[in-house]
Amino acid sequence: MAIACVSTRANKGVEAPAVTVEVHLSNGLPAFNLVGLPETSVKEAKERVRSAIINAGFEFPMKRITVNLAPADLPKQGGRYDLPIAIGILAASKQIPMQSLNDHEFVGELALSGQVRYCQGLLPVIVDASKQHSKLVMPVDNRQETELVGYQHCYFATHLQQLSEYLHGQSLLPRIDSQTHWVSEEPNEQMGCLTDVIGQYQAKQALEIAAAGQHNLLMLGSPGTGKTMLASRIIGLLPDLNYDQALEVAAIHSVAGQPLSVQRFYRRPFRTPHHTSSATALVGGGTIPKPGEISLAHHGVLFLDEIAEFPRKVLDCLREPMETGEVTISRAAAKLRFDSRFQLIAAMNPSPCGDVNQSRASSDQIQRYLSRLSGPFLDRFDLTIEVPKLPEGTLTKTDNSGETSAEVAQRVLRAREIQLQRFGVLNSQLSGKQLKQAGFQHADLQFLEQSVHKLGLSVRSFHRLQRVARTIADLQQSQQVCRRHIAQALGYRAMDRLLNSLNSPY
């Protein structure tokens with residue numbers, strides 16, 4: 001019976017479920033039927049595989065060919081099935097030995113000449129193949145993703161003829177010969193330093209607190225006060241990713257078709273989408289669901305500049321992922337889940353004309369402008385600070401640089417280590433039960449509750465203020481959270497003060 005089975009893997013978000021390519025040759029009129037829920041790009045594999053087999057010097061069987069991609073209920077997309085289909089046809093027609101396919105998985109797109117081409121999103125395939133300890137044959141152009149994983153049983157094919165020689169035992173395929181120790185960081189000078197920002201000491205302190213506890217931060221200020229510069233410097237304050245976190249981030253970027261930079265493998269992502277971005281671009285989606293900006297910012301920072309210019313419906317789409325740390329995209333073809341545990345940094349002007357004190361905008365116009373951010377969305381920010389204009393003489397001062405990013409990063413790292421030793425998570429992720437054991441005095445909590453009621457804040461804000469106060473105490477290496485820490489946390493509520501001033505009677 002002329003039948004062959006070849007193992008490969010599909011693309012399902014950041015997962016790579018196993019797929020068996022079954023090839024059957026039977027007598028009858030020559031035909032090539034491809035079944036198993038293939039998408040258009042997979043159906044076109046018939047012509048690519050036919051030309052590749054002929055141009056590589058093999059005989060294309062003039063029989064009735066049936067190719068089944070099992071399981072049949074799993075959608076298949078892309079050109080990654082070209083290589084396993086071609087290998088299955090050659091094995092079923094006895095042009096390569098059947099037993100050589102044991103313990104092997106094949107993935108790759110074929111050119112009409114028989115060359116094996118690059119495929120997008122193979123990092124999850126490599127990770128899952130390494131868990132099964134199978135030998136993975138893949139395009140040589142995907143070598144960089146393989147070296148990030150460090151899996152030694154990945155073999156690189158450049159041509160169908162070369163692969164045939166390997167399966168016949170006549171030659172060996174190249175593979176990686178080193179682990180991931182060669183991955184090195186780029187110089188930190190390229191990220192910018194806090195000393196580049198003139199003045200704004202309170203904003204720098206708020207940025208340090210946000211970095212230490214992974215808190216969401218909203219900056220209010222007139223144009224040109226340094227909000228964007230401050231936001232771009234937060235990456236220099238954050239510690240590098242560990243290997244598992246870096247691999248999660250790389251897998252999401254691989255699936256999204258984003259280039260993988262080896263030098264930035266351990267660097268936290270910093271995403272800055274434009275305010276014209278759609279909800280699909282931010283959250284993810286599409287006919288074939290792909291991760292959006294919030295998933296590409298996983299374990300990193302999502303910076304939304306001019307956040308008031310984003311459509312309100314788009315911003316409200318971020319509310320649930322900010323709480324859960326993941327986003328589920330449901331479509332008729334598939335239901336995929338992407339991790340999206342990001343830190344949100346946002347910047348905006350306090351009024352449509354840029355400054356509250358200018359007479360160009362009335363209070364009603366300012367309120368309409370600020371109402372583009374819904375109340376529940378503003379609740380997701382732990383800190384909202386004002387970035388004021390620099391006082392006269394600041395620009396010409398001889399010494400106004402302040403601390404460097406490296407000095408602040410050391411304090412941030414110490415505070416994060418204290419948080420991880422206490423509960424195993426950063427302060428922004430503390431649950432209500434953990435907050436009760438975080439070193440608060442009952443009298444101080446009563447003071448905070450009274451302040452929250454006076455400001456008209458929600459219960460969510462009550463807990464977020466506790467988390468910020470706990471981070472401030474950790475930066476000062478204090479085991480107990482004192483009232484001064486709570487008072488300082490209450491000071492980072494610039495948006496609430498602005499809204500209350502607009503609502504107060506003249």
Side-chain angles (χ1 to χ4, degrees), residues 1-11 16 18-26 30-70 76-120 122 125 129 134-142 154-174:
M1 183 172 59
I3 189 169
C5 295
V6 182
S7 297
T8 184
R9 291 191 177 271
N11 177 19
V19 171
T20 302
V21 179
E22 302 171 338
V23 180
H24 178 233
L25 303 184
S26 60
F32 196 155
N33 297 314
L34 186 60
V35 297
L37 209 58
E39 185 247 358
T40 303
S41 59
V42 183
K43 293 178 181 178
E44 293 172 348
K46 295 187 291 186
E47 303 304 325
R48 291 194 297 269
V49 168
R50 185 196 308 272
S51 298
I53 289 177
I54 294 173
N55 292 326
F58 299 98
E59 178 184 353
F60 190 81
M62 299 303 293
K63 292 189 176 184
R64 187 175 184 86
I65 304 173
T66 304
V67 178
N68 178 39
L69 306 177
K76 323 292 190 309
Q77 307 99 14
R80 62 175 61 196
Y81 303 99
D82 292 2
L83 185 59
I85 290 173
I87 293 298
I89 293 174
L90 294 177
S93 59
K94 296 183 170 43
Q95 298 183 66
I96 58 174
M98 193 85 68
Q99 64 272 15
S100 64
L101 305 182
N102 296 334
D103 300 325
H104 279 76
E105 293 183 9
F106 300 85
V107 62
E109 182 180 333
L110 288 176
L112 299 183
S113 62
Q115 291 183 337
V116 184
R117 285 179 169 168
Y118 171 86
C119 280
Q120 177 181 309
L122 291 194
V125 174
S134 58
K135 298 177 181 177
L136 179 62
V137 180
M138 58 187 298
V140 68
D141 292 336
N142 290 91
C154 283
Y155 299 86
F156 305 113
T158 57
H159 198 274
L160 200 56
Q161 204 169 44
Q162 174 203 24
L163 184 53
S164 173
E165 293 174 0
Y166 164 74
L167 294 174
H168 277 95
Q170 299 173 356
S171 65
L172 297 176
L173 290 177

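The chain is numbered in sequence order, starting from 1.
Atom CD in Glu165 sits 11.0 Å away from atom CG in Leu160 (nearest 0.5 Å). For the atom pair OG1 (Thr158) and CD (Gln115), the distance works out to 7.5 Å, reported to the nearest 0.5 Å. Separation of atoms CD1 (Ile85) and CG (Asn68) is listed at 10.5 Å; rounding is to 0.5 Å. Distance check, rounded to the nearest 0.5 Å: CD of Gln77 to OG1 of Thr40 gives 10.5 Å. Rounding to the nearest 0.5 Å gives a distance of 10.5 Å between SG of Cys5 and CG of Asn102. Leu136 contributes atom CG, which lies 8.0 Å from atom CG of Leu122 (distance to the nearest 0.5 angstrom).
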Side chain to side chain contact (heavy atoms under 4.5 Å, CB included) evaluation trace for Glu109 with Val116: CA-CA 6 Å; Glu109 182 180 333; Val116 184; over 6 Å; no

Trace of the side chain to side chain contact (heavy atoms under 4.5 Å, CB included) decision for Ile87 with Val21: CA-CA 10 Å; Ile87 293 298; Val21 179; over 6 Å; no

Salt bridge (charged side-chain N to carboxylate O under 4.0 Å, His left out) assessment of Lys135 paired with Glu105: CA-CA 6 Å; Lys135 298 177 181 177; Glu105 293 183 9; over 6 Å; no

Evaluation steps, side chain to side chain contact (heavy atoms under 4.5 Å, CB included), between Leu69 and Val35: CA-CA 6 Å; Leu69 306 177; Val35 297; over 6 Å; no

Intermediate values then yes/no, side chain to side chain contact (heavy atoms under 4.5 Å, CB included), Phe106 and Val6: CA-CA 7 Å; Phe106 300 85; Val6 182; 3.4 Å; yes

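Of the options Ile65, Thr66, Ile3, a side-chain contact (heavy atoms from CB on, under 4.5 Å) to Val23 is made by Ile65 and by none of the others.
Using a 4.5 Å heavy-atom cutoff, the side chains of Gln162 and Leu173 are in contact. Counting heavy atoms from C-beta outward, Ile89 and Val49 have side chains that approach closer than 4.5 Å. Annotation: side chain of Glu59 is in contact with side chain of Gln95 (closest heavy-atom distance under 4.5 Å). Side-chain atoms of Met138 and Cys119, non-hydrogen and from C-beta on, never get closer than 4.5 Å to each other. Contact check for Asn33 versus Lys46: no side-chain heavy atoms found under the 4.5 Å cut-off. Using a 4.5 Å heavy-atom cutoff, the side chains of Leu25 and Ser93 are in contact. Between His104 and Val137, the closest side-chain pair of non-hydrogen atoms falls below 4.5 Å.
Taking a cutoff of 4.0 Å between a charged side-chain nitrogen and a carboxylate oxygen, Asp82 and Arg48 qualify as a salt bridge.
Nearest heavy-atom pair, Arg80 versus Ala10, reported as atom, atom and distance to 0.1 Å: NH1-O, 3.4 Å. The nearest pair of heavy atoms linking Val42 to Tyr81 is CG2-CD1, 4.0 Å. Residues Ala52 and Ala111 share a closest heavy-atom pair of CB-O, 3.4 Å. In this structure, Lys63 and Ser26 approach most closely via the heavy-atom pair CB-O, 3.3 Å. For Ile96 against Ser164, the heavy-atom pair with the smallest separation is CG2-OG, 3.7 Å. Of all heavy-atom pairs between Ala4 and Ala92, the closest is CB-N, 3.8 Å.
Counting heavy atoms of neighbouring residues, nucleotides and ligands inside a 6.0 Å radius, atom CG of Asp103 does not exceed 12 of them. With a 6.0 Å radius and a threshold of 12 heavy atoms from other residues, nucleotides or ligands, Arg50 has its CZ atom above the threshold.
At distances below 3.5 Å, not a single donor-acceptor pair connects side-chain atoms of Asn11 with backbone N or O atoms of Gly78. With hydrogens and angles disregarded, no donor-acceptor distance shorter than 3.5 Å links the side chain of His168 to the backbone of Gln170.
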